[in-house]
Amino acid sequence: MSYKSDSRRNFIKRLGQFALSMGIFIPVAHVLSSEITALGPRVRKPNPFISTDGKPILVCVEGDNFDQMLSTGLDAMGGLSKLIGDNENVLIKPNCVTSEVYPTTSDVNSLVSTIEQLQAV
């Protein structure tokens, strides 16, 4: 048996063809045609990182120590406490691709530094 590398697009295309051939489309079509309840937009906090003239703040930090760079950048914007309250839930969604390395996949050290900054708040 030989292994052939394939593109993501072709994999999804073949997966869709397989699903259709197995009759999976019929239950999905039923769900899609049933009554759908539209939800309003979720309530979000306004961006706390804006300048006095109402423009978003952009901070550029250079270096090779991510932890220090992240801390410096967050301090320059006023800190995460402007965005996150005490005991608030935070979702961190790293980019994980098991066969790839940074920069395709999130750097583990950057995730650790980010989590530490969040925990400090």
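No experiment lies behind these values; they were computed from the predicted model shown. Numbering starts at 1 and runs along the sequence shown.
- More than 12 heavy atoms of other residues, nucleotides or ligands lie within 6.0 Å of NZ in Lys45, so this atom counts as buried by the packing criterion.
- Atoms CD and OG1, from Glu62 and Thr72 in turn, are 12.5 Å apart once rounded to the nearest 0.5 Å.
- In the hydrophobic clustering of ILVMFWY residues, with side-chain heavy atoms under 4.5 Å counting as a link, Leu74 and Ile92 come out together.
- Ile50 and Leu83 fall into different hydrophobic clusters, where Ile, Leu, Val, Met, Phe, Trp and Tyr are joined by side-chain heavy atoms under 4.5 Å apart, directly or via other members.
- Of all non-hydrogen atoms in Met77 and Ile57, the two that sit nearest each other are CG-CG2, 4.1 Å.
- To the nearest 0.5 Å, atoms CD1 (Ile84) and CG (Asp86) are separated by 11.0 Å.
- Rounding to the nearest 0.5 Å places CD of Glu88 at 11.5 Å from CG of Leu80.
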Just list the side-chain donor-acceptor pairs under 3.5 Å for residues 113-121, sequence neighbours left out, or say none.
| from | atom 1 | to | atom 2 | distance (Å) |
| --- | --- | --- | --- | --- |
| Ser113 | OG | Asp67 | OD1 | 3.4 |
| Ser113 | OG | Asn109 | O | 3.1 |
| Thr114 | OG1 | Ser110 | O | 2.8 |

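- In Asp53, the CG atom is crowded: over 12 heavy atoms of neighbouring residues, nucleotides or ligands sit closer than 6.0 Å.
- The nearest pair of heavy atoms linking Val59 to Gly73 is CG1-CA, 3.9 Å.
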